[in-house]
Amino acid sequence: MNESKRTLLGMTLSELKSAVKELGMPQFTASQITQWIYRQGVGTFDEMTNISKANRQTLSEHFETGLTAPVDSQHSKDGTIKYLFPAYCGNTTRDDAPHYVETVYIPDKERATLCVSCQVGCRMNCLFCQTGKQGFEGHLTAADILNQIYALPMRESLTNIVFMGQGEPMDNLDEVLRATEILTADYGLAWSPKRITVSSVGVKGKLKRFLDESECHVAISLHSPIHEQRLKLMPAEHQMGIEDTVSLLRQYDFSHQRRCSFEYICFAGLNDTPTHAREIVRLLKGLECRVNLIRFHEIPGVDLPGSDEKRMEALRDYLTAHGIFTTIRASRGQDILAACGLLSTARKREVKSDNLVE
């Protein structure tokens, strides 16, 4: 394969206009390409039938579409599907051996949510997360991120996208912003940013930039309102503490359509006590937000006890009674290791498949 070939997926309309101009094509060809790639999700140049055959041939000599089908899938008894996608992390040629990332499709009555990854592994190393145990292997490009959406077999059924898979979105912010720009652009999926939620542990400098440059929802991984304890659970607390994170969030308006939420995995006797409940209320009082309580899914080598239903309900009821809208999130896909905190591709580099879209 020609190493100079670029990937169309992940290019903005203005970049495509410059690219086709360099190839001597009319600028409207760029809009035609976005229709085929971002609206139709085609994987070959031959399918771009309103572009002349000569121009399609020229495009194929300089570009590849970038759409690559998943190489594996696992189906949960609750309807959740976990896909394994190749990720090239900026490799100059797709002949290089790819990394792999996991993507989770979660159908729920009239809704269908896709949980996408933004890194191979993660540098945040949260104690309770299997992805963190994988270590960090690479940043996904916008093409790698978008491919999880555009090459998804059930793409047309999606109602929401959450950046809650492998990796810390703020640690790969440029590519995440590029991906969400294309998803919300008129030439892309033309989605409202309110259909997209981006999660973060809180990364100094990056979180503010995200809040300024994006209108997507934000979800903060909280897990403890107490600095010393959160630091033990989440080393990122050292760089940007939860008090600073909440102080930053208070500078933004979440009283209309944009939503701020906090993710809170419950550990029995560790972060679900009355003391923690009071501290959460103190921390979040007056901030327009919601709290999602999450069951802990055990991972090897981590001795943390998950809260039972009664303790989680008591925490939910206390927070709700004190003005903080709180829900207990249903656990999905645990039987295929697709639930919160379980994603990992540490041993997937050996996966081989012919199921690739050129």
Side-chain angles (χ1 to χ4, degrees), residues 70-74 76 80 82-87 89 97-104 106 115-140 144-145 148 162-173 175-176 198-203 206 219-224 228-240 242 263-271 292-307 329 331-351:
V71 298
D72 193 18
S73 64
Q74 293 177 270
S76 168
T80 300
K82 183 172 70 172
Y83 290 97
L84 186 68
F85 279 99
C89 299
H99 293 274
Y100 293 93
V101 291
E102 293 183 326
T103 308
V104 183
I106 310 168
C115 180
V116 302
S117 296
C118 64
Q119 294 177 316
V120 183
C122 184
R123 290 198 280 212
M124 299 301 108
N125 196 27
C126 296
L127 178 62
F128 45 81
C129 181
Q130 187 65 46
T131 307
K133 303 296 178 283
Q134 178 175 342
F136 175 74
E137 296 183 33
H139 292 298
L140 268 59
D144 292 325
I145 295 170
Q148 298 169 69
V162 295
F163 283 73
M164 295 183 180
Q166 293 174 254
E168 163 57 49
M170 302 303 146
D171 194 35
N172 190 19
L173 184 56
E175 298 303 311
V176 168
V198 180
S199 69
S200 181
V201 299
V203 178
K206 300 294 185 68
I220 300 298
S221 298
L222 175 53
H223 310 308
S224 177
E228 293 79 7
Q229 185 179 55
R230 190 171 187 263
L231 185 59
K232 292 178 181 179
L233 293 171
M234 306 168 65
E237 170 75 7
H238 179 71
Q239 295 298 324
M240 187 176 187
I242 192 60
E263 310 299 302
Y264 198 90
I265 297 176
C266 294
F267 305 109
L270 294 179
N271 70 347
N292 297 314
L293 303 181
I294 304 169
R295 293 167 180 83
F296 174 56
H297 305 108
E298 294 184 7
I299 62 174
V302 176
D303 186 21
L304 287 170
S307 300
R329 183 186 293 169
S331 183
R332 300 290 300 273
Q334 188 172 358
D335 57 325
I336 57 170
L337 301 181
C340 181
L342 297 182
L343 300 185
S344 176
T345 50
R347 292 193 291 269
K348 299 289 176 64
R349 287 296 291 267
E350 70 276 10
V351 171

Just wondering, do [Y] and [X] contact through their side chains at under 4.5 Å, heavy atoms?
{"X": "Pro305", "Y": "Leu270", "result": "yes"}
{"X": "Tyr100", "Y": "Val71", "result": "yes"}
{"X": "Ile242", "Y": "Glu237", "result": "yes"}
{"X": "Glu175", "Y": "Leu140", "result": "no"}
{"X": "Cys118", "Y": "Pro169", "result": "yes"}
{"X": "Leu293", "Y": "Arg329", "result": "no"}
{"X": "Gln134", "Y": "Val120", "result": "yes"}

Between Asp335 and Ser76: side-chain donor-acceptor atoms closer than 3.5 Å: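 The criterion, which ignores hydrogens and geometry beyond distance, is satisfied for Ser76 and Asp335.
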Short side-chain donor-acceptor distance under 3.5 Å, Asp171 and Gln119: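 Judged by distance alone, the side chains do pair up.
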Phe128 vs Phe296, side chain to side chain contact (heavy atoms under 4.5 Å, CB included): CA-CA, chis, key distance, verdict: CA-CA 8 Å; Phe128 45 81; Phe296 174 56; 3.7 Å; yes
Enter the distance from [X]:[atom1] to [Y]:[atom2] here, rounded to the nearest 0.5 Å.
{"X": "Cys89", "Y": "Asn172", "atom1": "SG", "atom2": "CG", "result": "9.0 Å"}
{"X": "Leu233", "Y": "Leu304", "atom1": "CG", "atom2": "CG", "result": "6.5 Å"}
{"X": "Ser117", "Y": "Gln148", "atom1": "OG", "atom2": "CD", "result": "5.0 Å"}
{"X": "Asn292", "Y": "Leu222", "atom1": "CG", "atom2": "CG", "result": "11.0 Å"}
{"X": "Cys266", "Y": "Ile294", "atom1": "SG", "atom2": "CD1", "result": "8.5 Å"}
{"X": "Leu173", "Y": "Glu168", "atom1": "CG", "atom2": "CD", "result": "9.5 Å"}

I need the minimum non-hydrogen distance between [X] and [Y], along with the two atoms involved.
{"X": "Ala87", "Y": "Asp144", "answer": "CA-OD1, 3.6 Å"}
{"X": "Gly165", "Y": "Cys115", "answer": "N-SG, 3.3 Å"}
{"X": "Cys126", "Y": "Val201", "answer": "SG-CG1, 4.2 Å"}
{"X": "Arg295", "Y": "Ser331", "answer": "NH1-N, 4.0 Å"}

Within the 6.0 Å centroid threshold, strictly below: His223 and Phe267: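 No - the distance between ring centres of His223 and Phe267 does not fall below the 6.0 Å cut-off.
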Check: [Y] main-chain N/O paired with [X] side-chain donor or acceptor under 3.5 Å:
{"X": "Asp72", "Y": "Tyr83", "result": "no"}
{"X": "Arg230", "Y": "Pro235", "result": "no"}
{"X": "Ser199", "Y": "Phe163", "result": "yes"}

Residue pair Leu127, Met234: steps toward the side chain to side chain contact (heavy atoms under 4.5 Å, CB included) verdict: CA-CA 6 Å; Leu127 178 62; Met234 306 168 65; over 6 Å; no
Stepwise side chain to side chain contact (heavy atoms under 4.5 Å, CB included) check, Glu263 with Ile220: CA-CA 6 Å; Glu263 310 299 302; Ile220 300 298; over 6 Å; no
Met240 vs Val203, side chain to side chain contact (heavy atoms under 4.5 Å, CB included): CA-CA, chis, key distance, verdict: CA-CA 6 Å; Met240 187 176 187; Val203 178; 5.6 Å; no
Qualifying residue for side-chain hydrogen bond (donor to acceptor under 3.5 Å, both in side chains) with Thr345, from Gln166, Glu137, His99, Glu102: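 In the set Gln166, Glu137, His99, Glu102, the residue that makes a side-chain hydrogen bond (donor to acceptor under 3.5 Å, both in side chains) with Thr345 is Gln166.
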